[in-house]
Peer 1: 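Before we start, here is the structure in question, set down as structure tokens.
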Amino acid sequence: MVELIQISIMSIFAKLLKFLFEIGTSYFVAKETYGEFALLLSYIIIYIKIATFGIPKILVREVHKAPDKKSISTLLFNSALLIFTICTISYLIISLFAIKYLSDYPQIFIITLANSLLILYSTYLRSIKRVKEWIFFQDISLYLFYFATLGGLYLFTQNRFDILFILNIYTLSILGAFILIFLYIKFFYHIKLLSRLSIPKLKYLYSHSFPVLFTGLAYLVISRIDIIMLSNYVGLDLVGEYNIISRITLQVLFFNQVIVAYYYPRLAERFIKGQEYHLISRYNTKFVLLSFFSVIGVTGALLIAIKYFSLFEFLNITYKDELYLSFLILAFTQIIYSAISFYGNMLIYIHKQKIEYINSSVVLCLAIGLNFILIPPYGVVGASIATSIALILGNLFQMGQVKYFTGSFFISVDAFKKGKK
């Protein structure tokens, strides 16, 4: 329990920094510039998801199987090679087709590659249950570099910055964070960052991570495609404000994400050890209830802040009515999501991740199609509804599949009975 409290404190700080990165940047730039920043960031986050290729989730499982540090070094090195290859191929495609925004700024390739490798190496720390270190290197160090540089330059110049300036600061910050984790893993955990090339290992990583990529990518695209598609129908100022509200709404998942960071490696370990499903169900139910009630609590706090403490005015929101309705729709969705989102990871733990090809294809088509239908007539409200429907249905698909393959929903009414473990 003490460790969970410590992780919670660190996560609060990390999420605050991430929130300030996405929202706080609006105070240093003009409204339209922030809209472009929000749009670029949505593209970059999707690009990073493609580049990491689902490998971090596979790594959580594979590190437990590695017999020694040499095997772990080989695993990480070949994972890094695969990430570099995917990142490079993706950028060549972006350049070839001159994709708007992405092809305009060469910094995006550096940001994506460095961020992807940062995620990879910090995931090793998560895999060995060094959750606090994982949080610091993946979610804190980057933003410390970013705000130290941005704040210092703003105090010195007192000028609002353009998008190129912000991207340059972001690039330097992510490179600093990557170098830091690179050195830490090498000297404190004696992991060789240059190891042998293993074609069988590359094939194994590719075959196992590719289906996982589709899972994570589908839900990431769902959470970002609304911002990208909105830019074709509304002004960048409204795009920026919708991004602020959607990021605020995601904060209702804050404690959920803390709990996920703590429980998922332990949940994966139980499947690896072949523990009986009814015992896993009791363990998992505690996680589900903690997640569900934490999201309800944070949602209530945000509603109070909006209604009674003028949160929208503080954030300089001008489209209040539309965006308040968007907030309610998205927040209700996250409450449901917190109770059923674990099924996607369970498909990985029972080695049924390949079914996510079907899940992801259906959900992506649904999300894009609903956005096309709902955004033109309803704007940001339509985007919220489209995102919500796709997200919930995707998780319901996974829930049904886990039940089909295991015969269990992994929810137990006996979870809190005295004496049960």
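Below, all heavy atoms of this structure are taken into account, side chains as well, without hydrogens, waters or symmetry copies.
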Peer 1: Grab the two heavy atoms, one from L180 and one from S141, that are nearest each other, plus how far apart they are.
Peer 2: CD2-CB, 4.1 Å

Peer 1: Less than 4.5 Å apart, side chain to side chain, heavy atoms only: is that true for I185 and L125?
Peer 2: yes

Peer 1: Is the distance between the ring centroids of Y283 and F410 under 6.0 Å?
Peer 2: no

Peer 1: Under 6.0 Å between the ring centres of F178 and F182?
Peer 2: yes

Peer 1: Tell me whether the count of non-hydrogen atoms from other residues, nucleotides or ligands lying under 6.0 Å of NZ in K403 goes above 12.
Peer 2: yes

Peer 1: Can you tell me how far apart CD1 (I48) and CG (L117) are? Round to the nearest 0.5 Å.
Peer 2: 10.5 Å

Peer 1: Short question: side chain of Y91, backbone of I86 - any donor-acceptor pair under 3.5 Å?
Peer 2: no

Peer 1: Do F147 and S173 have side-chain heavy atoms sitting under 4.5 Å apart?
Peer 2: no

Peer 1: Please check if the number of heavy atoms outside Y27 that lie under 6.0 Å from its OH is greater than 12.
Peer 2: yes

Peer 1: Could you go through the side chain to side chain donor-acceptor pair (under 3.5 Å) check for N371 and Y233 one step at a time?
Peer 2: CA-CA 11 Å; N371 273 289; Y233 299 96; over 6 Å; no

Peer 1: Hey, is CZ on F21 packed in by over 12 heavy atoms from elsewhere, all under 6.0 Å?
Peer 2: yes

Peer 1: T33 side chain to V29 main-chain N or O, any donor-acceptor pair under 3.5 Å?
Peer 2: no

Peer 1: For the residue pair V288 and A339, what are the closest heavy atoms and their distance?
Peer 2: CG1-O, 3.7 Å

Peer 1: How long is the gap from CG on L82 to OG on S209, to the nearest 0.5 Å?
Peer 2: 5.5 Å

Peer 1: Please lay out, stage by stage, how K129 and E269 fare under the test salt bridge (charged side-chain N to carboxylate O under 4.0 Å, His left out).
Peer 2: CA-CA 11 Å; K129 301 179 184 177; E269 190 173 10; 2.5 Å; yes

Peer 1: Taking the side chain as every heavy atom from C-beta outward, state whether Q107 and I110 have any pair of such atoms under 4.5 Å apart.
Peer 2: no

Peer 1: Below 30° counts as parallel, above 60° as perpendicular, anything between as tilted: where do the rings of F287 and F342 land?
Peer 2: perpendicular

Peer 1: Any heavy-atom pair between the side chains of L113 and F84 that's under 4.5 Å?
Peer 2: yes

Peer 1: Applying ring pair (Phe, Tyr, Trp, His ring centres under 6.0 Å) to Y206 and F53, what does each step give before you reach the verdict?
Peer 2: CA-CA 8 Å; Y206 176 86; F53 210 64; 5.5 Å; yes

Peer 1: S338 and L253: which non-hydrogen atoms are nearest, and at how many Å?
Peer 2: CB-CD2, 4.3 Å

Peer 1: Just how far is it from atom CD1 of I306 to atom CG of L311, taken to the nearest 0.5 Å?
Peer 2: 5.5 Å

Peer 1: Using the ring of each side chain (for Trp, its six-membered ring), is Y324 parallel, tilted or perpendicular to F312, with breaks at 30° and 60°?
Peer 2: perpendicular

Peer 1: When rounded to the nearest 0.5 angstrom, what is the spacing between CG in L328 and OG in S388?
Peer 2: 11.0 Å

Peer 1: Determine whether S246 and L330 satisfy the following criterion, side-chain contact (heavy atoms from CB on, under 4.5 Å), listing intermediate values before the conclusion.
Peer 2: CA-CA 7 Å; S246 62; L330 293 171; 4.2 Å; yes

Peer 1: Applying salt bridge (Lys or Arg N to Asp or Glu O under 4.0 Å), which residue pairs with at least one partner in residues 316-343 are found, sequence neighbours left out?
Peer 2: none

Peer 1: Once the angle between the rings of F161 and Y154 is folded into 0 to 90°, is it parallel (under 30°), tilted (30 to 60°) or perpendicular (over 60°)?
Peer 2: perpendicular

Peer 1: Could you go through Y34 and I23, starting from their C-alpha distance and side-chain angles, then the distance that decides it, and tell me whether this counts as side-chain contact (heavy atoms from CB on, under 4.5 Å)?
Peer 2: CA-CA 9 Å; Y34 177 71; I23 308 303; 3.9 Å; yes

Peer 1: So how far is it from L120 CG to L76 CG, rounded to the nearest 0.5 Å?
Peer 2: 5.5 Å

Peer 1: Where do I228 and L39 come nearest, in terms of heavy atoms and distance?
Peer 2: CA-CD1, 3.5 Å

Peer 1: Tell me, with the steps shown, if I94 and I108 meet side-chain contact (heavy atoms from CB on, under 4.5 Å).
Peer 2: CA-CA 11 Å; I94 288 167; I108 288 176; over 6 Å; no

Peer 1: Where is the tightest heavy-atom contact between Q334 and V252, given as atom of each residue plus distance?
Peer 2: CB-CG2, 3.5 Å

Peer 1: Hey, is CZ on R130 packed in by over 12 heavy atoms from elsewhere, all under 6.0 Å?
Peer 2: no

Peer 1: Step by step, would you call T387 with D226 a side chain to side chain donor-acceptor pair (under 3.5 Å)?
Peer 2: CA-CA 7 Å; T387 298; D226 48 2; 3.2 Å; yes

Peer 1: Y121 and Q138: side chain to side chain donor-acceptor pair (under 3.5 Å), yes or no, with the steps?
Peer 2: CA-CA 9 Å; Y121 289 113; Q138 181 166 301; over 6 Å; no

Peer 1: With distance as the sole test, does T52 use its side chain to make a donor-acceptor pair with the main-chain N or O of K49 at under 3.5 Å?
Peer 2: yes

Peer 1: Apply side-chain contact (heavy atoms from CB on, under 4.5 Å) to Y242 and S384, showing your working.
Peer 2: CA-CA 10 Å; Y242 178 79; S384 306; 3.6 Å; yes

Peer 1: So, the side chain of Y343 versus the backbone of F409: is there a donor-acceptor pair under 3.5 Å, distance only?
Peer 2: yes

Peer 1: Does E133 form a side chain to side chain donor-acceptor pair (under 3.5 Å) with Y124? I'd like the steps, not just the answer.
Peer 2: CA-CA 10 Å; E133 295 170 24; Y124 166 70; over 6 Å; no

Peer 1: So does R224 pair up with E22, basic N to acidic O under 4.0 Å?
Peer 2: yes

Peer 1: How long is the straight-line distance from CD1 of I368 back to CD1 of I373, given to the nearest 0.5 Å?
Peer 2: 12.0 Å

Peer 1: Using the test side chain to side chain donor-acceptor pair (under 3.5 Å), find all partners of K132 that sit at least two apart in sequence or belong to another chain.
Peer 2: Q6

Peer 1: Give me the ring orientation class for Y349 and F271: parallel if the planes are under 30° apart, tilted from 30 to 60°, perpendicular past 60°.
Peer 2: tilted

Peer 1: Are L144 and F13 side-chain neighbours, meaning at least one heavy-atom pair lies under 4.5 Å?
Peer 2: yes

Peer 1: Taking the side chain as C-beta and beyond, is there a heavy-atom pair between R282 and T285 under 4.5 Å?
Peer 2: no

Peer 1: Return the set of residues passing side chain to side chain donor-acceptor pair (under 3.5 Å) with T25 (not counting sequence neighbours), or none when no residue passes.
Peer 2: Y146

Peer 1: Restricting to non-hydrogen atoms, name the atom on E241 and the atom on T318 that form the minimum distance, rounded to 0.1 Å.
Peer 2: OE2-OG1, 2.8 Å

Peer 1: Are Y184 and F136 an aromatic pair, judged by ring center distance below 6.0 Å?
Peer 2: no

Peer 1: Within the structure provided, determine whether F397 and Q401 are in side-chain contact (heavy-atom separation under 4.5 Å).
Peer 2: yes

Peer 1: Could you check whether atom CZ of F405 has more than 12 heavy atoms from other residues, nucleotides or ligands sitting under 6.0 Å from it?
Peer 2: yes

Peer 1: Do K31 and N316 have side chains that approach each other closer than 4.5 Å (heavy atoms only, starting at C-beta)?
Peer 2: yes

